[in-house]
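Keep in mind that this is a model prediction, so the values were computed, not measured. Numbers for residues simply follow the sequence, beginning at 1.
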Amino acid sequence: MASERLKEIKKNYGKVSLGDTTVDMAIGGMRGINGLLWEASLLDPDEGIRFRGFSLPECQAKLPAAKEGGEPLPEGFLWLLLTGEVPTKEQVDTVTADLRSRSKVPGHVFDVINAFPVTAHPMTQLTAGVMALQTESEFAKAYETGIHKTKYWEPIYEDAMNLIARLPEVAAFIYSRTYKGGVLHEADPNVDYAANFAQMLGFQDELMHELMRLYISIHSDHEGGNVSAHTVHLVGSALSDPYLSFAAGMNGLAGPLHGLANQEVLRWLQELVAQVGSDVSRKQLSEYVYKTLKSGKVVPGFGHAVLRNTDPRYMCQREFALKHLPNDPMFKMVSDLFEVVPPILLEGGKVKNPYPNVDAHSGVLLQYFGLTEQNFYTVLFGVARALGVLSQLIWDRALGLPIERPKSMTFEYIENYCESKFAA
């Protein structure tokens, strides 16, 4: 059992150092500090993300798909993240059915969202909708009436699954009222989670359904140190229920430095097309990249805080594009940039990872299939990320992890501490 394993780790290794912490690490966004247990996934600098020990290519090969040779179903990723086991197609089907049975959104949630002007950012509407769903929290009710701490995980599980089930309809409602004049599309009880979400957004194309399966799966988790995942864990450690915790995480995801990266890639590509044209040579692309760098800007979509090789999430999107839209001009441009940008970034000698990340590709695929409203992309990201962060939140409570409380420092403390070290 995981709880017994945790006890053994604490007993045998509780006093073992996980590494030194420097001042640079403490004031530099806590980069490189090992300080969080996150069982759902682990980010390897060279291999990329591993979901419960499985690489992304392994997940694509092992997890059930809607059709032979197709993209894995997000329900399979959810099963894997929750249990650590690769599910059968039958088990995935039970998850689909379970989520469908939980998917009814209370009417007051739509009333809350409708109180916003349609010009409100979709992420503002999403977090408000999630907060409105909090009235349904099973954990909040159980805690109020008294529940033993060893049982916390049970209502947390119910809340997490209910929230995952209801997010697509909430997101689709936001999309409809913000961009489509309020025209709603009914849920389809006969299709999987991602296909149903795509249909509620108004997309009937089966290839768009496949893209949505891919998108949700590869964005489902990226270990626990990123802003949205860490926020959900942090807020949840105070025994805030999954609705409160997830809403907090989504406010973090809405920040430009976290959830807006694929929009920045698209804007950069659109500026490139506006200035140079869509039919560009690699020489012209190189010149534009140099121009961007000389202006003091970065080339969006390249590099990563942890990764040191090409993001496997980029590669699986590239494979999807090569299979389904090989002649699309924007994809061709992205493909050429894959060859052009890294050598240029390496010339400066300062970039640790010059290779493309997931955001270098996702926006172009969404644009191709007609989902062109860029401010909605972070909502899609949020729906997908729910699978990972809420799976881990269940385990946080099942393992009895404590409230998070790191030590902070002042300028004076750092100076005095360091000077005492030098004096010694």
Side-chain angles (χ1 to χ4, degrees), residues 23-36 38 41 43 45 48-49 120-128 130 215 218-235 245-271 289 292-293 295-311 313-314 317 334 337 341 345 348 350-364 366 373-386 388-389 392 404 406 408:
V23 172
D24 278 343
M25 294 164 76
I27 64 177
M30 296 195 289
R31 296 288 177 91
I33 294 176
N34 294 318
L36 179 63
W38 192 272
S41 64
L43 184 55
I49 192 66
H121 195 285
M123 284 299 287
T124 303
Q125 299 180 57
L126 178 67
T127 54
V130 173
Y215 183 96
I218 67 176
H219 286 83
S220 62
D221 205 40
H222 215 231
E223 75 170 25
N226 63 76
V227 168
S228 55
H230 187 198
T231 300
V232 174
H233 168 83
L234 170 64
V235 176
S245 304
F246 185 72
M250 290 303 94
N251 284 323
L253 186 66
L257 294 182
H258 186 20
L260 304 189
N262 65 351
Q263 294 172 236
E264 293 176 353
V265 171
L266 271 177
R267 293 191 188 110
W268 186 80
L269 289 173
Q270 289 166 348
E271 290 171 2
V289 170
T292 298
L293 295 173
S295 69
K297 299 177 183 178
V298 300
V299 180
F302 287 79
H304 192 274
V306 179
L307 290 171
R308 295 296 173 259
N309 282 314
T310 300
D311 191 336
R313 299 174 299 170
Y314 172 92
Q317 290 181 101
V334 167
L337 287 167
V341 174
L345 295 181
K350 297 180 180 180
V351 177
K352 294 180 180 179
N353 174 15
Y355 305 106
N357 59 51
V358 64
D359 300 305
H361 220 310
S362 56
V364 168
L366 293 169
E373 297 84 3
Q374 294 181 25
N375 278 347
F376 190 73
Y377 291 176
T378 319
V379 175
L380 294 179
F381 193 164
V383 172
R385 187 50 56 91
V389 299
Q392 182 60 44
E404 187 171 302
S408 62

Asks: Using the ring-ring contact (aromatic ring centres under 6.0 Å, His included) criterion, which residues pair with Y215? Sequence neighbours excluded.
Replies: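 Once residues adjacent in sequence are excluded, the partners of Y215 under the ring-ring contact (aromatic ring centres under 6.0 Å, His included) criterion are H219.
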Asks: Could you tell me if E404 and H233 have a donor-acceptor pair between their side chains, going purely by distance under 3.5 Å?
Replies: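 A donor-acceptor contact under 3.5 Å links the two side chains.
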Asks: With a 4.5 Å limit on heavy-atom distance, are the side chains of P356 and T310 in contact?
Replies: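 Side-chain contact under 4.5 Å: yes.
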Asks: Under the ring-ring contact (aromatic ring centres under 6.0 Å, His included) rule, collect the residues that match up with F302, sequence neighbours excluded.
Replies: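 F302 satisfies ring-ring contact (aromatic ring centres under 6.0 Å, His included) with no other residue.
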Asks: Of all residues at least two apart in sequence or in a different chain, which pass the side chain to side chain contact (heavy atoms under 4.5 Å, CB included) check with L266?
Replies: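 L266 satisfies side chain to side chain contact (heavy atoms under 4.5 Å, CB included) with V364, Q367, Q374, Y377 only.
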Asks: With sequence neighbours left out, what residues match L293 under side chain to side chain contact (heavy atoms under 4.5 Å, CB included)?
Replies: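 Counting only residues at least two positions away or on another chain, L293 forms a side chain to side chain contact (heavy atoms under 4.5 Å, CB included) with V289, V299, I344, L345.
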Asks: With side chain to side chain contact (heavy atoms under 4.5 Å, CB included) as the criterion, how do V298 and T292 come out once you've worked through the C-alpha distance, each side chain's angles and the decisive distance to 0.1 Å?
Replies: CA-CA 7 Å; V298 300; T292 298; over 6 Å; no
Asks: Please list, chain by chain and in numerical order, all residues satisfying side-chain hydrogen bond (donor to acceptor under 3.5 Å, both in side chains) with Y314, sequence neighbours excluded.
Replies: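 For Y314, no residue satisfies side-chain hydrogen bond (donor to acceptor under 3.5 Å, both in side chains) once neighbours in sequence are set aside.
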Asks: Would you say that M30 contacts M25 through its side chain, given a criterion of any heavy-atom pair below 4.5 Å between the two side chains?
Replies: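 With C-beta onward as the side chain, the pair stays apart.
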Asks: For T378 and L253, what are the C-alpha separation, side-chain angles and deciding distance, and is it a side chain to side chain contact (heavy atoms under 4.5 Å, CB included)?
Replies: CA-CA 7 Å; T378 319; L253 186 66; 3.8 Å; yes
Asks: For H304, which residues count as a ring-ring contact (aromatic ring centres under 6.0 Å, His included) partner, sequence neighbours excluded?
Replies: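 Applying ring-ring contact (aromatic ring centres under 6.0 Å, His included) to H304 gives H222.
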Asks: What residues form a ring-ring contact (aromatic ring centres under 6.0 Å, His included) with Y355, not counting sequence neighbours?
Replies: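 With sequence neighbours excluded, Y355 shows a ring-ring contact (aromatic ring centres under 6.0 Å, His included) to no residue whatsoever.
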Asks: Can you tell me how far CG of L260 sits from CZ of F381, rounded to the nearest 0.5 angstrom?
Replies: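 These two atoms lie 10.0 Å from each other.
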Asks: My understanding is that only residues two or more places apart in sequence, or in another chain, count here; which of them pass side chain to side chain contact (heavy atoms under 4.5 Å, CB included) with A248?
Replies: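 Residues passing side chain to side chain contact (heavy atoms under 4.5 Å, CB included) with A248: T231, V235.
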Asks: Residues in side-chain hydrogen bond (donor to acceptor under 3.5 Å, both in side chains) with S41, at least two apart?
Replies: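 Here the qualifying residues are D221.
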Asks: Would you please name every residue forming a side-chain hydrogen bond (donor to acceptor under 3.5 Å, both in side chains) with H121, sequence neighbours left out?
Replies: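 Here no residue qualifies.
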Asks: With sequence neighbours excluded, what pairs up with E271 under the side-chain hydrogen bond (donor to acceptor under 3.5 Å, both in side chains) test?
Replies: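 Checked E271 against side-chain hydrogen bond (donor to acceptor under 3.5 Å, both in side chains); zero matches.
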Asks: Quick check: closest heavy atoms across G382 and M250, and the distance to 0.1 Å?
Replies: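 Between these two residues, the closest heavy atoms are CA-SD, 3.5 Å.
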Asks: Using side chain to side chain contact (heavy atoms under 4.5 Å, CB included) as the criterion, list what pairs up with R308, not counting sequence neighbours.
Replies: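 With neighbours one apart ignored, the set is P45, D46, K352, N353.
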